[in-house]
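Have a look at the structure below, then the notes.
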Amino acid sequence: MADPGSHPPAVVQLEKLTFSFGQEPVLRDISLTVTEREFVVIVGKSGSGKSTLLRIIDGLLTGEGEARVQGRVRMVFQEDRLFPWYRVRQNVAVAVTRDATPAGEAAVAGSASARLSDTEKAMRLLEELGMRELAHRYPHQLSGGERQRVAIARAFVARPQIVLMDEPFGALDVLTREQMQTWLLDFWQRNTAAVVFVTHDVEEALILGDRILVIVDGRLRPVLNVNFPRPRPQRLRYAPEFLEAKQRVREQLAD
Ligand code: ADP
Ligand code: MG
């Protein structure tokens, strides 16, 4: 099944994809390949079509052209979308759906993970994330950053192959946003999911991504591979090579 070549398998493949709500296309002739475990960031200003693109990958919208996705997809939004009447642990547990069991795992009768209840899976993940003390709280008892961490835990608990993130830190203050970026990278590196993260924040894109693309006038353009080693410390934001990369992306965003 796997390609014997050295290329990691693709989990998302868009080919010549065009999408319109009305007359004018929002997305034009878009091609994008995301490979396993990759962290791809797409930058565009408000209204450029970022959410639309994620909804196409998620299968909620269909355009002209091809969109192929391999594996389970989960989405994280700017607003947390937690159930206010559930505690954190239940909010995470309800996201462990039946389709979350990988085909191979079901066959291993009595394997440890197969025996875990959804709540136990949720608790394990919350513990791994250092959020055990939040498990019994309700969403209204959490800060904005904590709520987004729960939303992210909820996306990852089903062990998806692809996590789509739609400006998940957009509503947070700058300091919290920077902490969340570091937290997300640390968590992502211990996981196996590819991430497609959209943002209007160029600095966020450079801190997070392996690769940055921009959407301008409905077209998706690759801009750069981000070669800064991980983990990426906060001081990287002030390094000359970081500022130079930031300017390069900014230039691509200008109309
Ligand atoms: P972004 O997420 O980059 O801010 P969107 O993908 O939400 O941009 O929107 C792209 C364009 O499509 C915008 O011009 C927006 O007004 C339009 N649009 C988004 N959703 C709809 C919809 N359901 N019906 C009609 N137009 C829409
Ligand atoms: Mg959007």
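As the structure lists them, so they are numbered: ligands from 1, and atoms in each ligand from 1. Because only heavy atoms are used, hydrogens play no part in the values below, and waters and symmetry mates are left out as well, while side chains stay in.
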Check for me whether Arg232 meets the cation-pi criterion with Phe228, that is, NZ or CZ under 6.0 Å from the six-membered ring centre and within 45 degrees of the ring axis.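 Judged by the rule, Arg232 and Phe228 form no cation-pi pair.
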For atom 19 (C) of ligand 1, the protein heavy atom that lies nearest, with its residue and separation: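 It is Phe21 CE1, 3.4 Å.
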Once you restrict to heavy atoms under 4.0 Å, what part of Thr52 touches ligand 1? Side chain, backbone, both or neither.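 Thr52 to ligand 1: contacts from backbone and side chain alike.
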Regarding atom 7 (O) of ligand 1: of the candidates Gly44, Ser51, Pro25, Gly49, which has the closest heavy atom?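 Closest candidate by heavy-atom distance is Ser51.
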Look at [X] together with [Y] and state whether they make a salt bridge at an N to O cut-off of under 4.0 Å.
X      : Y      : answer
Arg132 : Glu128 : no
Lys16  : Glu66  : no
Glu79  : Arg147 : no

Given the protein's heavy atoms, is any one of them under 4.0 Å from atom 16 (O) of ligand 1?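 False for atom 16 (O) of ligand 1.
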Name each donor-acceptor pair under 3.5 Å that joins a side chain in residues 201-209 to protein atoms two or more places apart or in another chain, with its distance.
unit_1 : atom_1 : unit_2 : atom_2 : d
Asp201 : OD1    : Glu203 : N      : 3.1
Asp201 : OD1    : Glu204 : N      : 3.1
Asp201 : OD2    : Arg177 : NH1    : 3.1
Glu203 : OE1    : Lys246 : NZ     : 2.8
Glu203 : OE2    : Arg237 : NH1    : 3.0
Glu204 : OE1    : Thr199 : OG1    : 2.8
Glu204 : OE2    : Gln181 : NE2    : 2.8

So if I count the atoms of ligand 1 from 1 in the order they appear, which ones are less than 4.0 Å from some heavy atom of Lys45?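 The list of qualifying atoms is 3 (O).
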With a cut-off of 4.0 Å, which atoms of ligand 1 are near a heavy atom of Ser46?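 Those atoms are 4 (O).
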Purely on distance, is any nitrogen or oxygen of Gly47 under 3.5 Å from one on ligand 1?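 So ligand 1 has an N or O lying under 3.5 Å from an N or O of Gly47.
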With nothing but distance in play, are any N or O atoms of Ser48 less than 3.5 Å from an N or O of ligand 1?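 Looking only at distances, the answer is yes, because the N/O contact criterion of under 3.5 Å is met.
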How about Ser46: does one of its N, O or S atoms come closer than 2.8 Å to the Mg ion (ligand 2)?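 Under 2.8 Å: Ser46 has no N, O or S contact with the Mg ion (ligand 2).
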According to the ring-ring contact (aromatic ring centres under 6.0 Å, His included) rule, which pairs have a member within residues 134-164, sequence neighbours left out?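 Non-adjacent pairs meeting ring-ring contact (aromatic ring centres under 6.0 Å, His included): Phe156-Phe187.
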Determine the interplanar angle of the Phe39 and Trp188 rings, folded into 0 to 90°, and report it as parallel if under 30°, tilted if 30 to 60°, perpendicular if over 60°.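 Phe39 and Trp188: perpendicular rings.
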